[in-house]
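Atoms within a ligand are numbered from 1 in the order they appear, just like the ligands themselves. Position 1 is the first residue of the sequence; numbering continues from there.
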Amino acid sequence: MQKLTIGLFGFGVVGEGIFEVLNNTPSLNAVVKKVCIKDPHKSRNAPSTLFTTDREEILNDNEINLVVELIDDAEQAFYIVSAALQKGKAVVSANKKMIAENLDALLSLQKKHGVPFLYEAAVCGSIPVIRNLEEYYDNDMLKAVSGVVNGSTNFILTKVNEEGLSYSEALLEAQRLGFAESDPSLDVSGRDAVNKLTILLLHAFGTITSPDDILYRGIDTLHTADCKVAKEKDLRIKLVATAARLTDGRIAAFVLPQFIKEDNQLFRVSNEFNGVVVESRLADQQFIYGKGAGRYPTSSAVLSDIAALRYDYRYEYRKLKNASRPLLTNEFYLRIHVSFDDWSQVNKWDFESIDEFHSTAERNYLVGLIQFEKLRNASWYDDKNVSIILTADGIVEKQVLLKQSLKKLSLQLAGV
Ligand code: HSE
């Protein structure tokens, strides 16, 4: 078992927790030699000689063989991680934004310098989803990976829809409990979830993409009328990250709020918990569940990575070597619920068909089938006053439509 001499970046809730555990668990054979912090004047529960504000002090220390990066700033984090890998140090990070936005560069650095880079804490907190996808699920056996991957938004949805808190009260509580990002717009806009989906795509299918190329919407555009519709239909709204292999082998990937039926495992994923449904050809559906945000769940995953490095565990990225790595596709349809105040906000001709339309004094909503690409480019897609929710089983393949020889339904038939 190799001894780990650690340079830690960040001494926030997770960093301090990791320091304490490593200090009190000699069997882990890992010591923190130096901690790099931003503010030297803050009082901390550790000897002052441990701290530095100079990142190079850690990066240039040849005795330090592991850098644990737990800072907020994605740009700084990328500099630190790149420099550490270049110097042959192993790295553990929880920074999903930094990882998702620099996948290609980080993969090249690992390859070039032959050092491990682990980041289990970056996706779904305490749930070992990356290692499972990496080690257990063979590429061509996997059909889909979908899940609740952001704890804060799930916490907010639970508190608002099941406990009657207002949206802003619930968001404040998520911040107070340490679930939310320091910029919580990353959570509520769906950006954090799309960063995690980018990382999942790599480990599930060997697909490299950028979060900027994946369609996402968060929970900040949901309307109270949408929540009423969910209740009336015995559904729950969850923010779901989806990567599903279509019949042609390509992947449909997006993050959208979705109506979830009671028989879906995600239905009971509440508060800051996360849950991932993995669908494979032989095993059918499997479900991984656990705490996705907060001090202890995040620390648990970081510690697990540190422990794994004692025996030189590394991601093999075997799926990247697969000749038939699937690409993302826009060639499919979604059945979506769209709610809005006025018809001037939505172009009904963007839809292939409209299956339902309801108009009340409070809000209008329709349920319709739309080409994914058309949704992406729709003039109303970015309108914050229009809410879009994927229906349960809302992905519809082109082939299925053709097989059923579904004719474009006239909007008049739907009574619009
Ligand atoms: N803000 C993130 C979340 C933290 O709520 O899921 C864990 O990645």
Q. Is it true that Glu356 and Lys233 have a side-chain N and a carboxylate O under 4.0 angstrom from each other?
A. yes
**Q.** Residue portion contacting ligand 1 (non-hydrogen atoms closer than 4.0 Å) for Asp187
**A.** side chain
(Q) Would you say the ring centers of Tyr333 and Phe372 fall short of 6.0 Å from each other? (A) no
Q.
Using a 4.0 Å cut-off to any heavy atom of Glu181, which atoms of ligand 1 qualify?
A. 1 (N), 2 (C), 4 (C)
**Q.** Polar atom proximity, Gly151 to ligand 1 (N or O, under 3.5 Å)
**A.** yes
Q: Could you tell me whether ligand 1 has any atom less than 4.0 Å away from a heavy atom of Lys196?
A: yes
Q. For ligand 1, which atoms sit closer than 4.0 Å to a heavy atom of Ser152?
A. 1 (N), 3 (C), 5 (O)
Q.
Taking Thr49's backbone N and O only, do any of them form a donor-acceptor pair with Lys34's side chain (distance below 3.5 Å, no angle check)?
A. yes
Q | Proximal candidate to atom 3 (C) of ligand 1 [heavy atom criterion; set Val149, Asn150, Val148] | A | Asn150
(Q) I'd like to check whether Phe179 has a polar contact with ligand 1, where a contact means an N/O of the residue lying under 3.5 Å from an N/O of the ligand. (A) yes
Q | Side-chain donor or acceptor of Asn264 paired with backbone N/O of Ala392 under 3.5 Å | A | no
(Q) Below 4.0 Å from ligand 1: does a non-hydrogen atom of Gly292 turn up there or not? (A) yes
Q: Can you pull out the closest protein heavy atom to atom 8 (O) of ligand 1? Residue, atom name and distance to 0.1 Å, please.
A: Lys96 NZ, 2.6 Å
(Q) If I compare all heavy atoms of Leu309 with all of Tyr313, which pair ends up nearest, and what's the gap? (A) CD2-O, 3.6 Å
Q. Does the distance from a Lys or Arg side-chain N to an Asp or Glu carboxylate O, for Lys89 and Glu63, drop under 4.0 Å?
A. no
Q) Would you say the ring centroid of Tyr119 lies under 6.0 angstrom from that of Tyr315? A) yes
